[in-house]
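This report refers to the structure that appears directly beneath it.
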Amino acid sequence: MNLMEYQGKELFKRAGIPVPRSGHAVDAHQVADYIEKTVGEWVVKAQVLMGGRGKAGKIKFANTADEGRSVATDILATPMPPNRQNPKGEPINSLLVEEKLPIAKEAYCAITIDRTAKKPVIMVSRFGGMDIEEVAEKHPDSIAKFYVDTAIGYSPFIGRELAFESELDAGYRKQLPSIVGALYDLFFRYGAKLVEINPLVLTTDGKVYASDAKVELDDDALFRNPEFAEWQKHLPLDEDEQLASKAGLGIRNFRRFDGNVGTMANGAGLAMATMDAVTNAGGKIANFLDVGGGANAERVRNCYELVVNNTGAKAFFINIFGGITRGDEVAKGIVQAMEETSSRKIPLVIRLTGTNEEEGRRILAKAGMTPVETMDEGAKRAVELAK
Amino acid sequence: MNLMEYQGKELFKRAGIPVPRSGHAVDAHQVADYIEKTVGEWVVKAQVLMGGRGKAGKIKFANTADEGRSVATDILATPMPPNRQNPKGEPINSLLVEEKLPIAKEAYCAITIDRTAKKPVIMVSRFGGMDIEEVAEKHPDSIAKFYVDTAIGYSPFIGRELAFESELDAGYRKQLPSIVGALYDLFFRYGAKLVEINPLVLTTDGKVYASDAKVELDDDALFRNPEFAEWQKHLPLDEDEQLASKAGLGIRNFRRFDGNVGTMANGAGLAMATMDAVTNAGGKIANFLDVGGGANAERVRNCYELVVNNTGAKAFFINIFGGITRGDEVAKGIVQAMEETSSRKIPLVIRLTGTNEEEGRRILAKAGMTPVETMDEGAKRAVELAK
Amino acid sequence: MSIFLDKNSKVIVQGITGAEGSYHTDRMVKYGTHVVGGVTPGKGGQKTPQGLPVFDTVKDAVEATGATHTCIFVPPPFAADALYEAYEAGITFAVCITEGVPVHDMLKVVGTTPGMRIIGPNCPGLVSPGKASIGIMPGHVFTPGKVGLISRSGTLTYEVVDLLTRAGIGQSTCIGIGGDPIIGTTFVDCLREFKNDPETTAVVVCGEIGGSDEEDAAAFISRHMPETPIVGFIGGRNAPPGKSLGHAGAIISGNFGTPQSKIAAFKAAGVPVADRPSDIPRLLAERLAVTV
Amino acid sequence: MSIFLDKNSKVIVQGITGAEGSYHTDRMVKYGTHVVGGVTPGKGGQKTPQGLPVFDTVKDAVEATGATHTCIFVPPPFAADALYEAYEAGITFAVCITEGVPVHDMLKVVGTTPGMRIIGPNCPGLVSPGKASIGIMPGHVFTPGKVGLISRSGTLTYEVVDLLTRAGIGQSTCIGIGGDPIIGTTFVDCLREFKNDPETTAVVVCGEIGGSDEEDAAAFISRHMPETPIVGFIGGRNAPPGKSLGHAGAIISGNFGTPQSKIAAFKAAGVPVADRPSDIPRLLAERLAVTV
């Protein structure tokens, strides 16, 4: 779960990371109200998950309530424009009104997980306010890294070392160790996969603030902080994610494409291999669908309806290799789907092997269905049927 | 710093350890008031650091406000009687009025530090409500122990293992892992050297409560929780501790005895060896005094006055072996003390060696003082002078 | 020979009386695995339908049976606790089947349990064909032989094993290492073991998009196993970039993690990469023919 | 020979520009210790009055000088951080002089820094006479020789060393291990090193009341060093029970920790216990005469 800036900053505040004064607003009226009540110079920022807000004109300054109303109206008028990662753009549902900082320097600080080292890695760069990928390309040596021993955790020397190694302006030095420490606490306490401050601002009066906040929480750890379920409601799910969620799947278990061969498999690896098999057979895939481990008949039926009703599939290849998933349960689900559903019916190619395979085949046979033997065979057949 | 029961229970509450409802009262009137407002059956307990409250009649039951007033008056009427560890007893300054629990079972749970293993050790016994030393003697096998790996910390299986190994009543099982976990959090977060729940009560309706709370905080970690400084004010210091504190020493750096040879040394080890030397020379020691490492002239002077004005010393043996403490500073302090103090003057024997020894000797020589060469010689001379 | 697991490895099951634990214990026992008991707190002293003793704690189980291996079927919030319990009881090999374990739990566990090998989490376990199986893999597709198999995906493992078996190529040990961002045992860890196993003569590495495990494996092969016949496969080659499909392991990020990067790394290490799982047996046969 | 430290050990000082650090660095250098630099964050690039380089971080210092030993003079809240900084920079031997380090800080540090030997905290350091000194011990009382000395107390160490030197008995290495409840290196750790040091022929163990380090040492001696001439001393024999004198190490509790228990343990291990420090040289001479 990726958090919006205002949500990330709420966590920053709790962890003791200094953030500028701010107010969250859902319309231009609230923006004007906030500025009216709180004298100062302000920045109004679109609250979206996509990057590139500045370039898209979704961050604007305002010194009076009227200016605030006006820029807020501007920002809210159009959604975030699409980019490569987000081909549909993103609607803007709220704004953050934030104190304008007298910026002297901008730096970068983040903590994420290094899969190979199997450790949290803290990164600091003296180049802030720009895409870190760009920094990594242009100034690779400017990024200082520290791999944290999880048995020890954070200790202030880490922040000191990073400040010296990244050659941060001396003005950061005193404050960095405690800010990085607080960021590490947050990272660990809330089970984050990424926490990022970009830019980490040094003001002309020598203070350090997190001027932006990017937090990605581990979905698997959300149960430890039930309040995040509430936050999640305010986050935009794209249509695919909404559909997956409604069907009782993980939001990442379903994704649509332009093709006409529907696919479903158990396990992400097999589901990807199934898509590859359809492509290899000359077909175009209509979707990715991982039905998950240990799926029961009802889940299988839901998935059938999900694909048939929401994709351009003209044929449907169901590829199950049972392990924790049992063939009999899958077969029952398919039979139920075909018998009970009110959805349109499309040609079905089933491949069913592994755990309880025989029982599954018996159930399918009773309903007049004969599974194919291999994945390649099934893919080929489905591609033909979709033509 | 040892906490009173009511202070320990305040920490328990914060950590999420279930404790009975209670109110803290400083006189019989407040006890009656509390019971008046809160219907129930109550226990009134003297708040002291000494053990043995039950046997001393300092824990009594009360079901009405009148009973409460009466038992509170009784309890407050006399101080805790002396025992071996506390030869002067202890005044009773406040009371805890606590819900009377319907007790089904009593167990014991504690966490302390094992010096040899260099690990926290969690202990659970199915024998609660009695002295753990007594349990250790009579039922040594009933105490289950777990040495915690500090790189890992607490994990719930530890509580489960302890519950099974100590053969706790099954009623404890579900709740023990989280209670021990909370206790470990408290132990770690507040820097405790000991946390103890005795008894840990299982009620007739299947709930588990900490019915008593013993917490010893590490004095060296108090700076991390400034609020404890406030708490410390409510804790009784004995006279020696008060005197040490006033002289700017650690409360454990000064202790008086019945003899007539005053002693002072730098470092607890040398101070103890100095006492031993006086005893070996046939003398009786008037006090233990460790002036600490790196003492300056002013501290030395304060210590001189502390001994001369508050003990029965007829002679004073100052034994300094400089390391981090410098001989010149000590010599200056002694000279200042002799020249400026308004205190009575007693014969002084000085032994001064180690860091900056020559400079120190010069300063003493100027003031007409000649140090002895060895500890044994100094002790012998001081014993003679005290006769 | 095999790695990690053989007929004599003494295995316990944590969560043995739960639905999954009980079902798969039965299958492991039937496969021939030397399961010596299991753990469910509060059920110590009972017996499973197979007659296996149930203990309250792993410590009790290890003391009574001498178990060294464990298979963990517990819900995600309790997986780290189960791993630590196994570790403190002296278990040296733990397979964690559980899906959905918080990544920080695994970060901490892998950093603080030196000396205990962990397979998974979110993995199907491993099989040393004809000897023993720990986990949830369908035993009947395996056949004993000399090819080692490592895969990040569970069901894809079965698929590939099935193809190998049908092609008459037996396996020494097949390991599903799991698809989570932080796993106990990586491709490289497994390759190192296979390298030292005299009866494993070839290896199949089934990777997928995301992460850099495949690139690390290629580097290891090129340095330490240049002579060993090894065939690679990368799942998800037709996944569009920037989208995350299924488990977190399959997120493409940066230059690493793309199918192109992984295929290039394998090829640079002299490892042919199969276009589809069904090509694996043929490529392997070719590599074996060249080597032999 | 000596243990832990010799003329070639490269030493840095953490907190080198502070009052204590600066003063004792000067004394260490004058004693002949191979001090190669020091650390004070923000003062990197400066030189000390002795011309030693100052670095911003231990990592920088280790990279530039190859230091393996460190001496820590920082205030108590920062001692654990300083030890971790040394550990992560690859330092293998750390002396922590700081008094008043929270006991939980040390619990965690000693449990998570495998491979780094820590002396202290709240200790005076160690001296290998005629070679090098790390810490705050007054160098002039030491003389080179073959007796190892271990003590929980700082000033008592000087006292005993002074007596040995005056009696013409030189020392190989003298270590003040510190009086806190949790210390990095115990009597037993030092005894093990002395046992393996060919040029240490006898040892003096200066214990005190409280804790069970002396009892552990006696058990080790009886098992592993029964032939070595060893003399013991227990400070605080006249301290009344139940009272706590000075540092926490001197709290008497239970059966362990009393002077009686410690003296009995030493005697059972064949270790004579001196009634007063001034008896130590005589007892040692007697033990040496018997052995030789």
Side-chain angles (χ1 to χ4, degrees), chain B residues 84-87 113 115-116 118-120 133 136 148-151 187-188 191-193 218-224 250 252-253 255 257 265-273 275-280 285 288 290 292-294 319-326 353-357 374-376, chain D residues 20 24 27 76-77 97 99-108 110-112 124 135-138 141 151-159 162-163 179 181-183 186 206 208-209 211-213 216 233 235-250 254 275-278:
Chain B
R84 184 163 159 275
Q85 272 82 30
N86 296 270
I113 293 167
R115 296 168 61 135
T116 304
K118 299 181 189 173
K119 285 181 177 176
E133 282 79 9
V148 182
D149 181 338
T150 50
F187 176 73
F188 211 77
K193 294 166 95 166
D218 178 11
D219 293 340
D220 290 333
L222 294 182
F223 70 90
R224 295 213 168 110
R252 287 177 173 164
N253 283 31
R255 182 70 48 195
F257 307 112
N266 59 325
L270 191 64
M272 287 193 287
M275 286 166 44
D276 293 342
V278 169
T279 308
N280 285 336
I285 43 177
F288 164 89
D290 169 13
N319 184 16
I320 302 294
F321 208 126
I324 205 161
T325 306
R326 305 183 201 169
T353 187
T355 309
N356 291 13
E357 162 182 345
T374 70
M375 177 161 68
D376 288 353
Chain D
E20 293 300 329
H24 290 286
R27 297 179 73 212
I97 306 300
E99 183 181 347
V101 181
V103 66
H104 277 273
D105 287 12
M106 286 314 300
L107 260 186
K108 200 176 153 216
V110 301
T112 53
I136 61 171
M137 298 219 246
V141 301
S151 172
R152 270 163 71 180
S153 156
T155 42
L156 185 63
T157 309
Y158 321 154
E159 182 71 47
D162 192 41
L163 291 163
I182 299 295
I183 50 177
T186 59
C206 292
E208 62 187 41
I209 52 173
S212 67
D213 250 23
D216 296 338
F233 173 76
R237 293 162 68 162
N238 295 291
K243 283 295 174 188
S244 137
L245 304 178
H247 50 64
D275 282 334
R276 60 197 84 196
S278 54

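The sequence lines fix the lettering, A, B, ..., with proteins before strands; numbering per chain opens at 1.
The pair D:D105-B:R224 counts as a salt bridge, with a side-chain nitrogen and a carboxylate oxygen less than 4.0 angstrom apart.
Only the side chain of B:N356 comes within contact range of chain D, with at least one heavy atom under 4.5 Å from a heavy atom of that chain. Contacts of B:A271 with chain D are absent, with no heavy-atom separation under 4.5 Å from either backbone or side chain. Interface residue D:V103: backbone and side-chain heavy atoms are both found under 4.5 Å from chain B. Of the two parts of D:P124, neither the backbone nor the side chain holds a non-hydrogen atom closer than 4.5 Å to a non-hydrogen atom of chain B. With a 4.5 Å cut-off on non-hydrogen atoms, D:L163 does not touch chain B at all.
Side chains of B:T353 and D:D162: no donor on one and acceptor on the other come within 3.5 Å. Counted by atom type alone, D:R27 and B:T355 present one or more donor-acceptor pairs between their side chains at under 3.5 Å.
With B:D276 contributing its side chain and D:R237 its backbone, the two residues share a donor-acceptor pair below 3.5 Å.
Contact between D:P102 and B:A221 at its shortest, heavy atoms only, is CB-CB, 3.9 Å. Scanning all heavy atoms of the two residues, the minimum distance from B:G354 to D:P138 falls at CA-CB, 4.2 Å. Nearest heavy-atom pair across B:T116 and D:S212 is OG1-OG, 3.0 Å. The two atoms that bring B:A273 and D:L156 nearest to each other are CB-CD1, 3.6 Å, heavy atoms only. Residues B:D220 and D:G100 approach most closely at CB-O, 3.3 Å, considering heavy atoms. Smallest separation of non-hydrogen atoms from D:S153 and B:G269: OG-CA, 3.2 Å.
Among residues two or more places apart in sequence or in another chain, the ring pair (Phe, Tyr, Trp, His ring centres under 6.0 Å) test is passed with D:H104 by B:F187, B:F188. Shown here are the ring pair (Phe, Tyr, Trp, His ring centres under 6.0 Å) partners of D:F233, two or more places apart in sequence or in another chain: there are none.
Between chain B and the residues D:I183, D:D213, D:D275, the most heavy-atom pairs under 4.5 angstrom are made by D:I183. Of the listed residues D:H24, D:M137, D:M106, D:E99, the one with more heavy-atom pairs under 4.5 angstrom with chain B than any other is D:H24. When B:G292, B:A192, B:A136 are compared by the number of non-hydrogen pairs under 4.5 Å with chain D, B:A192 comes out ahead. Among the candidates D:V101, D:I136, D:T155, the residue making the largest number of heavy-atom pairs closer than 4.5 Å to chain B is D:T155. Between chain D and the options B:N319, B:L222, B:T325, B:N280, the largest number of non-hydrogen pairs under 4.5 Å is found for B:N280.
Counting only heavy atoms from C-beta outward, the side chains of B:P120 and D:L107 approach each other to under 4.5 Å. Side-chain contact between B:F321 and D:V141 is present, with at least one heavy-atom pair separated by less than 4.5 Å. Annotation: side chain of D:E159 is in contact with side chain of B:L270 (closest heavy-atom distance under 4.5 Å). A heavy-atom distance below 4.5 Å is found between the side chains of D:R276 and B:D376. At a threshold of 4.5 Å between non-hydrogen side-chain atoms, the residues B:M375 and D:S278 do not count as touching. A heavy-atom distance below 4.5 Å is found between the side chains of D:I182 and B:I113. Between B:K118 and D:T186, some side-chain heavy-atom pair lies under the 4.5 Å cut-off.
One finds the OH atom of D:Y158 at 8.0 Å from the CG atom of B:N266 (value rounded to the nearest 0.5 Å).
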